[in-house]
Amino acid sequence: MTDGLRALLAEPAPVCAPALLGATIAGRGVTLRITEVEAYWGPTDPGSHGHRGPTPRNRHLFGPPGTLYAYRSYGIHTCVNVVSGPEGTSSGSLLRAAEVVDGIEVARARRGPSVTDVALARGPGNLGQALGAVLGEDDGTSLLDGSGPFRLTLAPGLEARLTAADPADVVAELLRETVAGPVGAARVRRISVGPRTGVAGVAGGATFPWRSWWTGDPTVSAYRRHQRAVD
DNA sequence: CTTTCGATATTCT
DNA sequence: GAATATCGAAAGC
């Protein structure tokens with residue numbers, strides 16, 4: 001693994017998550033470029049699986065940075081998080097959408113022949129299926145050292161920035177480019193930030209605007225408020 | 001277009 | 001028993 005990635009993953013999920021946009025996760029015959037993420041920070045976040053402490057399901061969310069945390073959603077779907085921050089705290093970035101950049105035939109075989117390319121890994125359950133994630137085998141494996149089925153690689157250009165400056169400052173710059181748009185470079189992907197999908201009550205809405213995505217990217221999932229969301 | 005509902009593991013009330 | 005970091009099909013407008 002690289003020092004830049006190590007420095008980024010030392011940060012809690014709300015800092016780390018936006019910098020995972022453009023990173024790739026590769027393994028089981030496919031490579032995905034991440035286009036949408038949500039941060040979950042247990043110590044202050046009622047929406048986090050880890051907010052009330054470790055359980056058999058969520059224990060790897062407390063693991064060392066670079067751990068993969070997989071969980072069963074609604075009893076059916078397998079969703080994938082990148083664990084970051086200090087070991088012993090629950091901090092994860094949920095991978096919500098991605099572009100399939102390699103192994104598109106493999107992804108389509110898993111998702112079905114009628115699914116369009118941009119929808120192959122759109123939504124966290126679909127992303128997990130396109131990856132071929134297996135809950136029992138993959139939960140708790142490393143995304144960094146090659147000992148697990150998947151490997152995480154930073155977006156091009158971020159490695160140098162993350163080793164030259166404080167990662168929190170680099171992420172703040174990335175988000176500033178969100179508001180101002182491309183500064184001088186030929187073409188910079190803009191990042192949008194908003195409330196998390198499917199999270200109800202105070203944990204949703206404006207309290208924790210911890211969903212981030214590539215503005216206008218066709219692989220990003222549609223926002224849906226939770227059924228029982230409160231004002 | 002929007003809303004409803006079934007599938008169902010894990011956790012909390 | 002109810003809610004949940006979801007998805008897709010079916011039904012209603």
Separation of C/dA5 P from A/Arg122 CZ (nearest whole Å): 22 Å

Judged by nearest nucleotide, the residue sitting upstream toward the 5' end of DNA chain C, A/Gly198 or A/Val115, is A/Gly198

Going by an N to O cut-off under 4.0 Å, is there a salt bridge joining A/Arg33 and A/Asp217? no

Counting only side-chain heavy atoms from C-beta out, which of B/dT10, C/dC7, C/dA5 sits nearest to A/Arg57? B/dT10

Take atom CD of A/Glu38 and atom C1' of C/dT4, then tell me their distance rounded to the nearest Å. 13 Å

Return the nearest nucleotide to the side chain of A/Pro124; candidates are C/dC7, C/dA5, C/dG8. C/dC7

Does OP1 or OP2 of C/dA5 have a side-chain N or O of A/Arg224 closer than 4.0 Å? no

Using whole Å, report how far CG of A/Asp139 lies from C1' of B/dT10. 13 Å

I'd like to know if A/Arg211 pairs up with A/Glu36 as an ion pair, taking the criterion as any Lys NZ or Arg NE/NH1/NH2 lying under 4.0 Å from an Asp or Glu carboxylate oxygen. yes

From the set B/dT8, C/dC7, B/dT11, return the single nucleotide nearest to any side-chain atom of A/Tyr74. B/dT8

Whole-Å P distance, C/dA5 and B/dT2: 24 Å

When you get a sec, tell me which of C/dA5, B/dT13, C/dG8 is the closest nucleotide to the side chain of A/Asn126? C/dG8

Looking at the side chain of A/Pro56, which of C/dT6, C/dG8, B/dT11 is the nearest nucleotide? B/dT11

Under 4.0 Å between a side-chain nitrogen and a carboxylate oxygen: does that hold for A/Arg161 and A/Glu173? yes

Could you state the atom-to-atom distance from CG of A/Leu61 to C1' of B/dT11 in whole Å? 15 Å

Per atom distances to the A/Ile76 side chain, the nearest of C/dG8, B/dA7, C/dA5 is B/dA7

If the threshold is 4.0 Å, N to carboxylate O, is there a salt bridge linking A/Glu137 and A/Arg28? yes

How would you label the contact of A/Gly47 with the nucleic acid (heavy atoms, under 4.0 Å): base, sugar-phosphate, or nothing? base

Give A/Arg111 one of three labels, base, sugar-phosphate or nothing, depending on what nucleic acid heavy atoms sit under 4.0 Å from its own. sugar-phosphate

Does a side-chain N or O from A/Thr55 land closer than 4.0 Å to OP1 or OP2 of B/dT11, or not? yes

Pairing of A/Arg57 and A/Asp139 as salt bridge, 4.0 angstrom limit: no

Hey, does the side-chain of A/Tyr71 have a donor or acceptor N/O within less than 3.5 Å of a partner on the base of B/dA9? no

Nucleotide C/dT4, atom P - distance to NE2 of A/His49 in whole Å: 11 Å

Atom CG of A/Asp45 and atom C1' of C/dA5: how far apart are they, to the nearest Å? 10 Å

Using both distances under 3.5 Å as the test, list the Watson-Crick or G-U wobble partner of C/dG1, or none. B/dC12

Between B/dT10 atom C1' and A/Arg52 atom CZ, what is the distance in whole Å? 12 Å

To the nearest Å, how far apart are A/Gln129 CD and C/dG8 P? 8 Å

Aromatic contact, A/Tyr40 with A/His49 (centres under 6.0 Å): no

